Amino acid sequence: ITVNVVCPGYIATEMVMVVPEKVRDSIVAQIPVGRLGDANEIARCVVFLASDEASFITGATLTANGGQYMV
C-alpha cells in the first residue's frame, strides 16, 4: 500500500475560467511557467503515482503548479 498526494496549482477548469479575466491574468503573472495548468497534466501525475513505476514512492507530495509554489 502506498499513500501519496497530488497538489495542483491553478488549473484551467470551469471554476477557474469564470474568474474575471483581469483577476486570472494577475494569477497567471505569478506562475513562473506563465500559464494555467491543464487537467490532463494533473491526470498524468495521478496515473504515474498509481502505476507500477511508482511502486517504491510512498508518503510523497507531488506538487504540480507551474512553479508557483516551491518547497
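All residue numbers in this chain count up from 1 along the given sequence. The model shown is predicted, which means the values in this text are computed figures rather than measured ones.
The CD1 atom of I1 lies 9.5 Å from the OG1 atom of T58; values are rounded to the nearest 0.5 Å. Here the CZ atom belonging to F48 is positioned 4.0 Å from the CD1 atom belonging to I57, to the nearest 0.5 angstrom. To the nearest 0.5 Å, atoms OH (Y10) and CG (N65) are separated by 10.5 Å.
Residues C45 and A64 approach most closely at SG-CB, 4.1 Å, considering heavy atoms. Taking both residues in full, the closest heavy atoms of R24 and V19 are given as NH1-O, 2.7 Å, listed atom of the first, atom of the second, then distance. Taking every heavy atom of both residues into account, A60 and N4 meet most closely at N-OD1, 2.9 Å. Pairing each heavy atom of T61 with each of C7, the nearest pair is CG2-SG, 3.6 Å. Closest of all the heavy-atom pairs between L36 and M17 is CD1-SD, 3.9 Å.
Looking at I42 and I11, their side chains come closer than 4.5 Å, going by heavy atoms from C-beta outward. For the pair V28 and D25, the minimum side-chain heavy-atom distance is 4.5 Å or more.
Distance alone, capped at 3.5 Å, places no donor-acceptor pair between the Q30 side chain and the I27 backbone.
Under the 4.5 Å side-chain heavy-atom criterion for Ile, Leu, Val, Met, Phe, Trp and Tyr, V16 and V33 are members of the same hydrophobic cluster. Side-chain heavy atoms closer than 4.5 Å link hydrophobic residues (I, L, V, M, F, W, Y) into clusters, and following such links, even through other members, never connects V46 to V5.
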What verdict does the side chain to side chain contact (heavy atoms under 4.5 Å, CB included) test give for R44 and N40, after you've listed the backbone C-alpha separation in whole Å, the side-chain angles of each residue and the deciding distance to 0.1 Å?
CA-CA 6 Å; R44 286 192 295 270; N40 289 323; 3.9 Å; yes
